[in-house]
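Before any comments, here is the structure.
The chains referred to below are lettered A, B, ... by the order of the sequence lines, with proteins before strands, and numbering in each begins at 1.
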2 protein chains.
Amino acid sequence: MAELAGVSSRTVSNVVNGYANVTERTKARVQRAVDELGYRPNVLARNLAQGRSGQIALVVPYLDTPYFSELLQSVIRAARARGYNVLIDQTDGDPEHERAFIAHGSRRLLFDGVIFSPLGLDQQALADHDPNLPLVILGERSSDGTFDHVGIDDVAASRQATEHLLDLGRRRLAAIGDQPYATGEAAQLRTRGFREAHAARGLTAREDLIISTPRFNRKDGAQAMAALLDLPEPPDAVFCYSDLVALGAIHTLVSRGLRVPEDVAVIGYDDIEDGAYSNPTVSTISPDKEMIATTAVERLLLRISSPTPPPALELRAPHKLVIRESTAGRVAVP
Amino acid sequence: MAELAGVSSRTVSNVVNGYANVTERTKARVQRAVDELGYRPNVLARNLAQGRSGQIALVVPYLDTPYFSELLQSVIRAARARGYNVLIDQTDGDPEHERAFIAHGSRRLLFDGVIFSPLGLDQQALADHDPNLPLVILGERSSDGTFDHVGIDDVAASRQATEHLLDLGRRRLAAIGDQPYATGEAAQLRTRGFREAHAARGLTAREDLIISTPRFNRKDGAQAMAALLDLPEPPDAVFCYSDLVALGAIHTLVSRGLRVPEDVAVIGYDDIEDGAYSNPTVSTISPDKEMIATTAVERLLLRISSPTPPPALELRAPHKLVIRESTAGRVAVP
DNA sequence: GTGAAAGCGCTAACAA
DNA sequence: TTGTTAGCGCTTTCAC
């Protein structure tokens with residue numbers, strides 16, 4: 001290849017990769033040859049020689065969920081800034097599909113590490129991953145010491161959301177989104193926050209108003225809200241475990257002629273853009289997605305480049321309560 | 001490697017790749033060795049040897065735009081079903097970034113082909129792509145004979161949307177989303193449909209009610225709508241060039257105390273899920289996204305596997321008009 | 001500071 | 001049907 005037009009091969013490699021020991025003169029010579037021949041290093045060959053792919057995988061259950069697509073954006077940006085491409089995949093929460101990604105499979109070499117938001121895999125299945133695969137887990141799992149975990153403090157955030165509803169003077173609070181089974185840890189933490197907020201004020205959460213949903217989407221929210229309204233004593237406030245659920249719930253409320261928040265106050269979780277423009281706009285828990293994304297990427301790359309695995313960390317990104325119309329009511333417009 | 005535990009190497013390759021000529025007996029022997037050693041073929045080496053990566057790239061301007069994330073989902077599914085991984089990237093509409101993807105660059109070998117939704121590149125810049133790169137363009141560009149193009153008939157769809165507003169008896173129609181410059185072809189086609197619908201009924205589109213926006217998002221929609229309402233004679237109906245724009249516009253209308261659709265009817269474009277749950281729900285043009293995605297993937301893989309480039313095709317996916325509350329009003333609920 | 005040569009682990013042309 | 005062997009194009013150890 002290019003060394004025909006000048007020197008040798010080791011040198012070309014050095015120049016292209018910007019290594020130290022090259023004379024200005026040789027460097028120029030190589031550069032000229034490169035330009036002349038329109039030479040482009042072959043990534044595939046480089047990957048094989050280096051035993052790395054320069055790619056990381058981002059594996060999430062659903063890509064059309066705004067929370068994930070907003071996160072995805074930041075992950076791509078962060079990875080690219082560090083010279084990595086992002087390979088993405090959606091699992092639909094299917095346990096087999098999820099397992100395939102973290103197991104020692106044939107695709108293993110395709111990515112140097114994985115950022116993974118599990119849904120169908122419980123804690124135990126998660127622990128059974130390829131020990132050589134650098135792994136960062138997103139969401140509400142706790143680390144078992146073999147991977148890093150990045151998330152927000154779900155219990156605290158949920159308590160905060162619930163307290164906000166109680167502060168409004170509401171007393172018949174419902175919660176939509178519980179998932180009382182092994183893979184529903186995320187949901188269970190939120191339910192815990194919901195209960196704790198009540199307990200902290202000497203109140204008791206009404207267990208019959210805690211509704212389970214298989215997913216956190218609009219449809220589930222709409223259906224759960226309908227079920228709540230059919231109760232003899234419907235709630236006067238609802239804590240939804242995602243903004244999508246909240247939007248679905250509001251949809252049901254409005255179409256039944258109820259006013260939000262006058263009749264029923266609603267608060268969501270995730271702070272997706274929809275919630276800032278919907279009618280009414282949706283109060284929510286806003287996790288710092290940018291920080292989650294960059295932290296996850298940074299930890300993963302550290303894991304990738306470390307000869308010995310770094311200690312497993314539990315990383316907490318900050319969150320805040322954002323109050324909008326669905327709890328505060330519409331602000332008068334001139 | 002594995003042949004130690006049985007036979008040779010060529011054979012292993014054959015077995016692993018499921019080629020024809022292998023005796024059952026040898027196959028079994030190899031299989032046993034593979035299992036025993038936990039052997040996994042090295043993708044990187046295979047890629048180099050085959051000169052292909054088994055990956056396709058999907059390049060879109062924004063990933064947090066529901067239209068793209070919904071599309072992305074279908075693309076991933078279609079590609080995976082055919083044994084391909086999807087590498088994705090977001091360009092933010094930056095011309096340089098976009099150019100880098102279709103030019104003959106060092107990342108070229110990383111993907112075997114590209115599905116590309118351009119935004120910052122005009123027709124001419126698009127034509128200047130690596131001729132060896134299999135390419136499928138999404139959106140409203142016309143092919144120059146070197147790539148396939150998949151989209152819907154934008155002029156017809158826009159005419160249909162506009163006619164729907166005229167059918168409601170509205171006569172002061174506005175349009176939000178025009179982009180009267182080289183890279184705004186998509187928008188211009190919609191504007192053309194808007195005008196044609198008027199002309200077909202002997203009416204004339206009001207040019208002062210055609211508003212340009214840099215992007216197709218909620219914020220732009222909200223601002224444009226505000227500008228329209230500040231006019232001495234505001235419109236009684238609005239055709240928005242995306243559902244996000246429509247949601248933004250509705251946000252402004254509602255917060256100014258106007259009723260949708262009684263005071264102003266609104267129709268969008270794309271049929272994203274938000275529009276089916278918003279308040280009011282949003283009438284829209286619904287492109288067949290699943291078909292767009294699978295068609296794009298199929299054509300791209302055909303292009304990748306063809307020794308001689310197949311003829312460039314203009315592929316039109318179907319669309320339909322979906323009428324919801326933002327034009328039809330709320331349907332009474334018992 | 002630069003050159004030569006040995007892999008990286010697979011595929012595929014060519015033989016047998 | 002199966003074995004041998006020559007690359008794929010780069011990185012990198014080891015001399016010079």
Side-chain angles (χ1 to χ4, degrees), chain A residues 1-34 36-55 83-85 104-112 132 304-305 307, chain B residues 1-34 36-55 83-85 104-112 132 304-305 307:
Chain A
M1 59 91 161
E3 69 270 47
L4 308 177
V7 278
S8 86
S9 140
R10 155 67 190 279
T11 317
V12 173
S13 186
N14 280 341
V15 172
V16 171
N17 294 295
Y19 282 154
N21 310 325
V22 202
T23 326
E24 273 309 319
R25 193 165 137 275
T26 349
K27 200 189 300 192
R29 224 168 11 154
V30 173
Q31 191 55 51
R32 188 150 32 83
V34 166
E36 200 163 317
L37 276 65
Y39 168 77
R40 296 281 176 285
N42 180 322
V43 210
L44 267 32
R46 170 179 301 177
N47 287 348
L48 176 59
Q50 292 186 149
R52 38 153 285 171
S53 67
Q55 300 185 152
Y84 276 78
N85 289 307
H104 169 71
S106 66
R107 305 180 55 214
R108 171 64 182 82
L109 275 305
L110 224 47
F111 33 81
D112 302 330
N132 294 319
I304 290 172
S305 60
Chain B
M1 57 92 160
E3 69 271 46
L4 307 178
V7 280
S8 85
S9 140
R10 157 68 188 280
T11 316
V12 173
S13 185
N14 279 341
V15 172
V16 171
N17 294 294
Y19 282 154
N21 311 323
V22 202
T23 326
E24 272 310 318
R25 193 165 138 275
T26 351
K27 201 190 298 191
R29 224 165 13 152
V30 173
Q31 190 55 53
R32 188 150 32 83
V34 165
E36 199 164 317
L37 277 65
Y39 168 77
R40 295 283 177 285
N42 180 321
V43 210
L44 269 31
R46 171 181 300 178
N47 286 348
L48 176 59
Q50 291 187 149
R52 38 153 283 170
S53 67
Q55 300 185 153
Y84 275 78
N85 289 308
H104 169 71
S106 66
R107 305 181 55 214
R108 170 65 183 81
L109 275 306
L110 225 47
F111 32 81
D112 302 331
N132 294 319
I304 290 172
S305 60

Pull out every protein N or O sitting under 3.5 Å from an N or O of nucleotides 14-16 of chain D, one pair per line with the distance.
from, atom 1, to, atom 2, distance (Å)
dC14(D), N4, R10(A), NH1, 3.2

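Between the P atom of dT11(C) and the CG atom of L44(A) lies a distance of 13 Å, rounded to the nearest Å. Rounding to whole angstrom units, CD of residue Q50(B) and C1' of dC10(C) are separated by 8 Å. As a whole-Å value, the separation of L37(A) CG from dG9(D) P is 14 Å. Remark: C1' of dC10(C) and CG of L48(B) are 8 Å apart, rounded to the nearest angstrom. The CG atom of N47(A) sits 16 Å away from the C1' atom of dT12(D) (whole-angstrom rounding).
Partners of R108(A) according to the salt bridge (charged side-chain N to carboxylate O under 4.0 Å, His left out) rule, which considers only residues two or more places apart in sequence or in another chain, are D130(A). Checked against side chain to side chain donor-acceptor pair (under 3.5 Å), R40(B) has no partners two or more places apart in sequence or in another chain. By the side chain to side chain contact (heavy atoms under 4.5 Å, CB included) test, A45(B) pairs with L48(A), N42(B), sequence neighbours left out.
Between G51(B) and L109(B), the shortest heavy-atom distance links the atoms O-CD1, 4.4 Å. Residues G38(A) and H104(B) come closest through the heavy atom pair O-NE2, 4.2 Å.
F111(A) CZ to N85(A) CG: the interatomic distance, rounded to the nearest 0.5 Å, is 14.0 Å. Going from atom CZ of R52(B) over to atom OH of Y84(B) covers 4.0 Å, rounded to the nearest 0.5 Å.
Where DNA chain D pairs in unbroken runs of 3 or more (Watson-Crick or G-U, both distances under 3.5 Å), the stems are C:1-16 with D:1-16.
For the pair N47(A) and Q55(A), the minimum side-chain heavy-atom distance is 4.5 Å or more.
Residue contacts for R52(B): at a heavy-atom cut-off of 4.0 Å it reaches no nucleic acid atom on any strand shown.
The side chain of N42(B) approaches dG9(C) more closely than any other nucleotide in the set dT11(C), dG9(C), dT11(D).
Taking every heavy atom of residues 104-112 of chain B and every atom of DNA chain C, no pair lies under 4.0 Å.
Remark: the backbone N or O of I304(A) is not paired with any side-chain donor or acceptor of D112(A) at under 3.5 angstrom.
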